[in-house]
Amino acid sequence: QQYGITPGTGGLVDNANPLTNLFARVDVALPRFDSRLVVRYNYGSATDDIFSRSLTTFNLSSNGYRFRNSTNSPVIQLFSNFDNGSANELTLGYTRVRDKRAPNVLAPQISVTVPGTQTPTATLVAGSEQFSQGNSLDQDLYELTDNYSFPLGASHRITVGTHDESYKFFNVFTQSSYGVWTFDSLTDFENGTPDRCTVSGSPRGPVVSQFKGYSLSAYAEDNWTVNDRFNLTYGLRVDAPFLSTKPAFTRQVFDDFGRRTDEVPSGIAQWSPRIGFNWDVTGDQENQLRGGMGLFVGRPAYVWIGDAFQDTGSGLGTVNCGPTASFPGPAPAFNPDPNDPTLACGNGAGQLGSGSVGEVDFLDKNLKYPQVFRASLSYDRQLGAGFVGTLEGLYTRGLNNIMYVNRNLVGPQGTDANGRVLYGTFDSQGRSTPDVVSTKYSFVIDALNQSSDYSYNLTAQLQKRFSDNLEAIGSYTFSHSYDVMTLTSSIASSNFKFARDVQGNQFNRDATVSSFDQPNKVLATLIYTMPWKTWSTGLSVQYIGQSGGPYDYVYTGSGGRGDLNADGIVGNDLIYVPRSATDPTQIEFTTLNQSGGKPPILPATQAAAFENFIASTPCLNDHRGAIVPRNTCRNPWQNFMNVSLTQSLPSIQGRTLSVRLDVFNFLNLLDKNWGRVES
């Protein structure tokens, strides 16, 4: 049980995946100042078993893992109304979150390349999943919010307030600490001769990411009733996050990169002015114009902050061993013991604490938290016969969003024949060797601010209440979203590797189609209350139709191949589409020998199949002779339906109880081929 993490007991886990929620609330009327005290408590507990296979990767059951999560959240609120028309709302809250990720077995992860049945090769994967080899997070968050509002004259109402948070995080993330071994064949596995090996650890004992901080916010707002047709709200908010602890300082990292690992952003104030309005244009409540604009600051995922506390160069280290010059040395002999993993390459190089450092993550002291500018404008109109139409536009621009770069890469080393920026060289087998500052480091990731992200939405909506029992709402939204990187990982290096597929310079700040881009969305909702009055019954049906998500075609490969720009990463290089797959000057095929006595597939047959694939895939066919831009391809349209049924029960002494049934993705309940996401 390395680093105090208790693994699973082995074998298959049950798939019950229980979810428990408990919510309790008490409201108490207080005699003084017309006050009301609210005490509420929310508890949640869940487990989730994760296991999957693909066409080219066959994971054995030992490679699955389980999420275990629990949340406790008590809150106290005090609402007070005073005789002069002023009011106050005070909120005190605490949230306790415990997340653990347990592998099914205590063993290193082993990947073996074997002949495939539907593809030339496939990979068998067994043992503890790489990212679950020591993975838990404890979070404790405290909140104080106070809002005081008072009238000023006959037309103004002022609100001043503060929202303050204090937090503490204890994160164990020792990925690869049991060992991650890769073999090119079953024969190599039987002989104990791996092609590559990755092991993380520390000669100084257990490594955790532990830090504390707090965030202070203050704001003031004026709600101004200009007249009975026009209302204006404007205000100013300031947010200032602070970190109470700092990461360790590593002299070697400073000497190599000129950057301090103990610097973090703290105390940087960010100002957010805002204004909004509501205008009854004709004074008869038939035409309404509303909108606003302003700046908004959000918290980053705090795990992005925690990366810098763990990966300092003197804490958790990683040994990467492999067959090319980009590694300190070749992989050592296979060691199956997860409690005593090998911490050096086969030639003795890369020893943790001396020859190898692993990953280092920087947080610049001037890094700002994410902030966006947002503007909206909407028009509502009564159309007659009970119809209400709405047109709405929304624009968002990122001002201080985050992107990641790898400082260990020396820089661009020219381009290939197709214009792809290169960061290293290749050997005769197609294995890449990145040109790096030092092979002691796997990645040196720096988080930077960028202001290129933007998105816009245009929505048309029509609603009508047909009777007291029936209401219908329908809408269509056209939108696009562009970003420099779509950040979906908790790991700094993973965000660098896979937040965008690339062909150019890693410092490129141009926004391209986001992985969250959704050009078209249709919503239709029908709400019906049954005609009987006693024990009322309500039915809600919602249809959602939307564009499928974007995707890319990228290169992959076995044995260290498939890294087309030589930056040390396989699986994020955008594909070049040949002008013709049957032109040998554009692409070469070799005879593909198959297992099981199947006849070989000749080059001409492969070329014809690939040419047909390109011709039948529009995003590829449209970019012949070029590298396909990021997120050009699109998954199929998606259809969903959600149904809710609410049944009220008889009132007892004025207290009412109702029972609600929600069926999500109702179409799939009717037919297994409906309501599916194809990707």
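Residue indices begin at 1 and follow the sequence shown. Atom set for the values below is all heavy atoms of this structure, side chains included, hydrogens, waters and symmetry mates excluded.
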Modelled atom types, side-chain donor and acceptor of Q638 and Q546, under 3.5 Å: yes
E678 (side chain) donor-acceptor with N635 (main chain) under 3.5 angstrom: no
Polar contact flag, side-chain donor to acceptor under 3.5 angstrom, S378-E392: yes
D453: partners by salt bridge (charged side-chain N to carboxylate O under 4.0 Å, His left out), with sequence neighbours left out: none
Backbone of G545 reached by a side-chain donor or acceptor of N639 within 3.5 Å: no
D446 bridged to R259 by N-O distance under 4.0 Å: yes
Ring geometry between Y482 and H480 (parallel below 30°, tilted from 30 to 60°, perpendicular above 60°): tilted
Polar side-chain atom of N668 near backbone of W674 as donor-acceptor pair, under 3.5 Å: yes
Check: S616 side chain, F613 main-chain N or O, donor-acceptor pair, under 3.5 Å: yes
With D483, the side chain to side chain donor-acceptor pair (under 3.5 Å) member among S452, S455, S514: S514
Side-chain donor or acceptor of Q413 paired with backbone N/O of L422 under 3.5 Å: no
Pairs flagged by salt bridge (Lys or Arg N to Asp or Glu O under 4.0 Å) wherever residues 294-312 is involved - sequence neighbours left out: E165-R299
Counterpart residues, disulfide bond (SG atoms under 2.5 Å apart), relative to C197 (two or more places apart): none
Short side-chain to backbone donor-acceptor contact, N63 and G127, under 3.5 Å: yes
Pairing of D517 and R634 as salt bridge, 4.0 angstrom limit: yes
Sequence-distant partners of T477, side-chain hydrogen bond (donor to acceptor under 3.5 Å, both in side chains), two or more places apart: T459
Any I614 side-chain heavy atom under 4.5 Å of T617 side chain: no
Check: T632 side chain, C619 main-chain N or O, donor-acceptor pair, under 3.5 Å: no
Any V628 side-chain heavy atom under 4.5 Å of L574 side chain: no
Neighbour count above 12 (heavy atom, 6.0 Å) for R53 CZ: yes
Check: T425 and D435 side chains under 4.5 Å, non-hydrogen atoms: no
Side-chain donor or acceptor of Q270 paired with backbone N/O of P241 under 3.5 Å: no
Pairs satisfying side chain to side chain donor-acceptor pair (under 3.5 Å), at least one member in residues 501-512, at least two apart: T512-R630
R500 and T486, any side-chain heavy atoms less than 4.5 Å apart: no
Validation row: V502, D573 side chains within 4.5 angstrom (heavy atoms): yes
Parallel, tilted or perpendicular: rings of F257 and Y441 (30°, 60°): perpendicular
Point-to-point distance, once rounded to the nearest 0.5 Å, from CZ of F327 to CZ of R431: 9.5 Å
Side-chain H-bond candidate by donor/acceptor type, Q586 with Y576, under 3.5 Å: yes
Short side-chain donor-acceptor distance under 3.5 Å, S132 and R101: yes
Side chain proximity check, D427 to T433, heavy atoms < 4.5 angstrom: no
Neighbour count >12 (heavy atoms, 6.0 Å) for atom CH2, W637: yes
Donor + acceptor pair across side chains of S209, N171 (<3.5 Å): no
Under 3.5 Å: donor-acceptor pair, side chain of N495, backbone of S489: yes
Carboxylate-amine/guanidinium proximity below 4.0 Å for E611 and R624: yes
Side-chain heavy-atom pair S376, R374 within 4.5 angstrom cut-off: no
N135/Q175 under side-chain contact (heavy atoms from CB on, under 4.5 Å): CA gap, chis, key distance, verdict: CA-CA 7 Å; N135 193 330; Q175 59 171 317; over 6 Å; no
Y551/Y553 aromatic ring centres below 6.0 Å: yes
Point-to-point distance, once rounded to the nearest 0.5 Å, from OG of S432 to CG of D567: 7.5 Å
Short N-O contact, D239 and R237, less than 4.0 angstrom: yes
Side chain to side chain donor-acceptor pair (under 3.5 Å) partners of residues 358-368, not counting sequence neighbours, each pair once: E359-S493
Among L409, I569, N408, side-chain contact (heavy atoms from CB on, under 4.5 Å) partner for P434: L409
Euclidean distance, L137 CG relative to F173 CZ, rounded to 0.5 Å: 11.5 Å
Under 3.5 Å donor-acceptor, S176 side chain and G179 backbone: no
Aromatic plane relationship, F169 with Y167 - under 30° parallel, 30 to 60° tilted, over 60° perpendicular: tilted
Donor + acceptor pair across side chains of N400, N449 (<3.5 Å): no
